[in-house]
A.B. asks: 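Attaching a single structure in structure tokens format; questions to follow.
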Amino acid sequence: ISTSTQMVWKSVLNREFIYADGTSNLPDNLPPLEESSTSYEIRIISLSFYVIVLIVAIICSVWTYMQRNTNVIRASQPFFLYLICFGTLLMSSSILPLSLLSD
């Protein structure tokens, strides 16, 4: 960040990027680019965990529905148990775009 009146950078549509020195030449002191891609094995493991969470949440929802008239489930409020299952599904669904993001 420059406190002087010099322009640090400017970007104009359909034109080259202008650096602080007023040219479009790439500076030599830029840090190297790091690729952060997840390996194929990590993707498979994370998607496997997502499927496991999906199945368990659905099983818990079905079990709650089937047991909704028992004293323990009525005391635990089935709607609240459904919300927990839905929140778990919602939280674990973030694995999908993260695993597909780095191709």
Side-chain angles (χ1 to χ4, degrees):
I1 298 175
S2 177
T3 57
S4 67
T5 59
Q6 295 178 350
M7 183 182 304
V8 177
W9 62 271
K10 75 177 177 181
S11 177
V12 179
L13 294 176
N14 299 325
R15 296 178 102 190
E16 292 180 334
F17 186 83
I18 306 298
Y19 291 95
D21 62 356
T23 67
S24 61
N25 300 331
L26 188 66
D28 294 332
N29 59 354
L30 290 177
L33 293 176
E34 296 179 13
E35 287 190 33
S36 61
S37 64
T38 55
S39 66
Y40 181 74
E41 294 82 14
I42 298 295
R43 286 188 209 171
I44 295 299
I45 291 170
S46 62
L47 290 175
S48 300
F49 283 139
Y50 170 71
V51 170
I52 290 170
V53 169
L54 178 73
I55 291 170
V56 169
I58 290 172
I59 289 172
C60 288
S61 296
V62 170
W63 181 85
T64 301
Y65 180 77
M66 291 172 50
Q67 303 293 326
R68 69 185 180 277
N69 293 324
T70 61
N71 289 334
V72 172
I73 300 300
R74 280 192 294 154
S76 301
Q77 300 177 355
F79 181 72
F80 179 68
L81 297 175
Y82 294 137
L83 281 178
I84 291 175
C85 291
F86 177 73
T88 304
L89 285 175
L90 188 65
M91 180 185 62
S92 66
S93 67
S94 67
I95 293 174
L96 291 176
L98 291 176
S99 67
L100 301 175
L101 183 64
S102 56
D103 282 333

A.B. asks: Applying the 4.5 Å side-chain criterion to the ILVMFWY set and letting contacts propagate, would Leu54 and Leu96 be lumped into a single cluster?
C.D. replies: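 Leu54 and Leu96: one cluster.
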
A.B. asks: Consider side chain to side chain contact (heavy atoms under 4.5 Å, CB included). Of Leu47, Ile55, Val53, which one does Val51 pass it with?
C.D. replies: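 Passing option: Ile55.
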
A.B. asks: Report the distance from atom CD of Gln77 to atom CD1 of Ile84, rounding to the nearest 0.5 Å.
C.D. replies: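 One gets 10.0 Å once the value is rounded to the nearest 0.5 Å.
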
A.B. asks: Working to the nearest 0.5 angstrom, can you tell me the gap between Leu83 CG and Thr88 OG1?
C.D. replies: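 These two atoms lie 10.5 Å from each other.
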
A.B. asks: Under the side-chain hydrogen bond (donor to acceptor under 3.5 Å, both in side chains) definition, can you give me all pairs with a residue in residues 48-69, not counting sequence neighbours?
C.D. replies: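 Qualifying pairs, neighbours excluded: none.
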
A.B. asks: Could you pull out the closest heavy-atom pair between Ser93 and Pro97, with the gap in Å?
C.D. replies: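 Answer, listing the atom of Ser93 first, then Pro97: O-CD, 3.2 Å.
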
A.B. asks: Applying a strict under-4.5 Å side-chain criterion to I, L, V, M, F, W and Y, I'd like to know whether Val56 and Leu90 cluster together.
C.D. replies: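 Result: no, two separate clusters.
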
A.B. asks: Do Tyr82 and Ile59 share a hydrophobic cluster, counting only Ile, Leu, Val, Met, Phe, Trp and Tyr and linking them when any side-chain heavy atoms are less than 4.5 Å apart?
C.D. replies: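 No, no single cluster joins them.
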
A.B. asks: Begin from the C-alpha positions of Glu41 and Ile44 and carry the test side-chain contact (heavy atoms from CB on, under 4.5 Å) through to its verdict.
C.D. replies: CA-CA 5 Å; Glu41 294 82 14; Ile44 295 299; 5.8 Å; no

